[in-house]
Amino acid sequence: MDECLCVAVGLDGHASGDRQPPQYSQAAAGEPTLLTVDEVKTAFHEFGHALHGMFSNVKYPRFSGTSVPSDFVEYPSQVNEMWMIDPEVLANYAKHYKTGEAMPKELLGKFIEAKKFNQGFLTTEYLAASLVDQRWHQLSAAQVPTDVLGFEANALKEAGVDFAPVPPRYRTTYFSHSFSGGYSAGYYSYLWSEKLDADTVEWFKENGGLLRKNGDHFRNTLLSRGGTVDALDLFRNFRGRDPKIEPLLNRRGLTVH
């Protein structure tokens, strides 16, 4: 296979696809193609979007699959990333390409722990950019200031994230996501989706992990419903309660034990 259908999901929930070369590392002639960790993660993530569409069971196409709010569309795909490191799934693909030896449990453990490295910095810089994005889009046209950097500095101070060692991931003067990239007032959406995702992963763990009944519950209460129900109600129907922040903080190593 030398081409794939790459699908982009816009903020309105609609997808557009173009055939493009696969966005993976290309092997030398005669050598097997080996994927990086990030490429494997991308494969699981994008397949999560595909499942969201394939499992859709709604009357009107306008509300099918990924036709959901922008701060919800990444949630099912991020949930699917959990299976990348699930022991049962991992045993089927994470093998040495020459010897066939399975990935050692110790190596997997190191990989999971390493994901927590520097999360204080990464979380703060992301939140800072998200809050600046929100603040700009709370202004009316008449309120737009001429002192751009001064406004940004004040917004960070008001939000409690004016910490010089950790500046925003994007500054106002080159924040293309916010002003021309389709994420106006929506840059927070990936982190909000990850909050839902982390809580969902905890539900699977609490209920036995990779079981058909668990998958059916996720499919019937959430994946199949598309945008026919308010997004937060879909989560409540699946989880049985509102989302909690603790699973996300635990995942990122930001809790004190």
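Note that this is a predicted model, so its numbers are computed, not measured. Nothing fancy with the numbering, it's 1 onward along the sequence.
- Leu211 is not connected to Val201 by any chain of hydrophobic side-chain contacts under 4.5 Å among Ile, Leu, Val, Met, Phe, Trp and Tyr, and they are in different clusters.
- Side-chain N or O atoms of Glu39 include one that pairs as donor or acceptor with a backbone N or O of Thr36 at under 3.5 Å.
- Between Ile85 and Met103 the shortest side-chain heavy-atom distance does not fall below 4.5 Å.
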*Apply salt bridge (charged side-chain N to carboxylate O under 4.0 Å, His left out) to the pair Glu202 and Lys205, showing each step before the final yes or no.*
CA-CA 5 Å; Glu202 285 302 301; Lys205 290 178 180 178; 3.8 Å; yes
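- Between the side chain of Asn237 and the main chain of Asp233, a donor-acceptor pair closer than 3.5 Å is present.
- Side chain of Tyr93 to main chain of Met84: a donor-acceptor pair is present (N/O by atom type, distance under 3.5 Å, no hydrogens or angles).
- Contact check for Leu156 versus Pro168: side-chain heavy atoms found under the 4.5 Å cut-off.
- Closest approach of Ala129 to Tyr170, counting heavy atoms only: CB-N, 3.9 Å.
- Panel note: side chain Ser25, backbone Leu35; no donor-acceptor pair is recorded below 3.5 Å.
- One hydrophobic cluster, built from ILVMFWY side chains closer than 4.5 Å, cannot hold both Met54 and Phe63; they sit in different ones.
- Here the closest non-hydrogen pair linking Leu90 and Leu108 is CD2-CD2, 3.7 Å.
- Checked by atom type and distance alone, the side chain of Ser184 never pairs as donor or acceptor with a backbone atom of Phe179 at under 3.5 Å.
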*CA sep, side-chain torsions, deciding dist, call: Asp199, Phe238, side-chain contact (heavy atoms from CB on, under 4.5 Å)*: CA-CA 11 Å; Asp199 206 353; Phe238 162 71; over 6 Å; no
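- A tilted orientation is assigned to the rings of Phe151 and Trp136, their planes being inclined by 30° to 60°.
- Proximity of a side-chain donor or acceptor of Asn80 to a complementary backbone N or O of His49 within less than 3.5 Å is not detected.
- The NZ atom of Lys213 sits 13.0 Å away from the CG atom of Asn220 when rounded to the nearest 0.5 Å.
- Without hydrogens or angle criteria, Glu125 side chain to Thr123 main chain gives no donor-acceptor distance under 3.5 Å.
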*Apply salt bridge (charged side-chain N to carboxylate O under 4.0 Å, His left out) to the pair Lys195 and Asp71, showing each step before the final yes or no.*
CA-CA 11 Å; Lys195 176 183 176 179; Asp71 60 2; over 6 Å; no
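- Taking the side chain as every heavy atom from C-beta outward, Phe218 and Phe55 never approach each other to under 4.5 Å.
- Closest approach of Pro61 and Ser67 over heavy atoms only: O-OG, 4.3 Å.
- Phe47 and Val79 fall within a single hydrophobic cluster, where Ile, Leu, Val, Met, Phe, Trp and Tyr are joined by side-chain heavy atoms under 4.5 Å apart, directly or via other members.
- Distance check, rounded to the nearest 0.5 Å: CG of Leu223 to CG of Asn57 gives 12.0 Å.
- Evaluated for a ring-ring contact (aromatic ring centres under 6.0 Å, His included) with Tyr126, the options Tyr188, Tyr187, Phe121 yield exactly one hit, Tyr187.
- Without hydrogens or angle criteria, Asn214 side chain to Asn207 main chain gives a donor-acceptor distance under 3.5 Å.
- In terms of heavy atoms, Leu232 sits closest to Pro243 at CD1-CD, 3.8 Å.
- Open room surrounds CZ on Arg212; 12 or fewer heavy atoms of other groups in view lie less than 6.0 Å from it.
- To the nearest 0.5 angstrom, Asp133 atom CG is 9.5 Å from Gln138 atom CD.
- Between the Arg225 side chain and the Leu234 main chain, no donor and acceptor come within less than 3.5 Å of each other.
- A 4.5 Å side-chain heavy-atom check between Glu81 and Asp197 finds every atom pair outside the cut-off.
- Summarising the geometry, atom OH belonging to Tyr75 is positioned 13.0 Å from atom CD belonging to Glu194; distances are rounded to the nearest 0.5 Å.
- If you take CG on Asp242 and CZ on Arg236, they are separated by 4.0 Å, rounding to the nearest 0.5 Å.
- In this structure, the side chain of Ser56 does not engage the main chain of Ser64 through any donor-acceptor pair within 3.5 Å.
- Considering NZ of Lys244 and CG of Leu249, their distance stands at 13.0 Å, rounded to 0.5 Å.
- A donor-acceptor pair shorter than 3.5 Å cannot be found between the side chains of Gln78 and Ser193.
- When the side chains of ILVMFWY residues are joined at heavy-atom separations under 4.5 Å, either directly or via intervening members, Val89 and Tyr97 end up in two distinct hydrophobic clusters.
- A pairwise comparison of heavy atoms in Arg169 and Leu122 identifies NH2-O, 3.6 Å as the closest pair.
- Linking Ile, Leu, Val, Met, Phe, Trp and Tyr residues whenever their side-chain heavy atoms come within less than 4.5 Å leaves Val161 and Leu149 in two separate clusters.
- Pro145 approaches Leu139 most closely through the heavy-atom pair CD-CD1, 3.8 Å.
- Counting only heavy atoms from C-beta outward, the side chains of Leu191 and Leu248 approach each other to under 4.5 Å.
- Pro87 has its side chain out of reach of Lys105: every pair of non-hydrogen atoms, C-beta onward, lies at least 4.5 Å apart.
- The number of heavy atoms from other shown groups lying within 6.0 Å of OH (Tyr174) is above 12.
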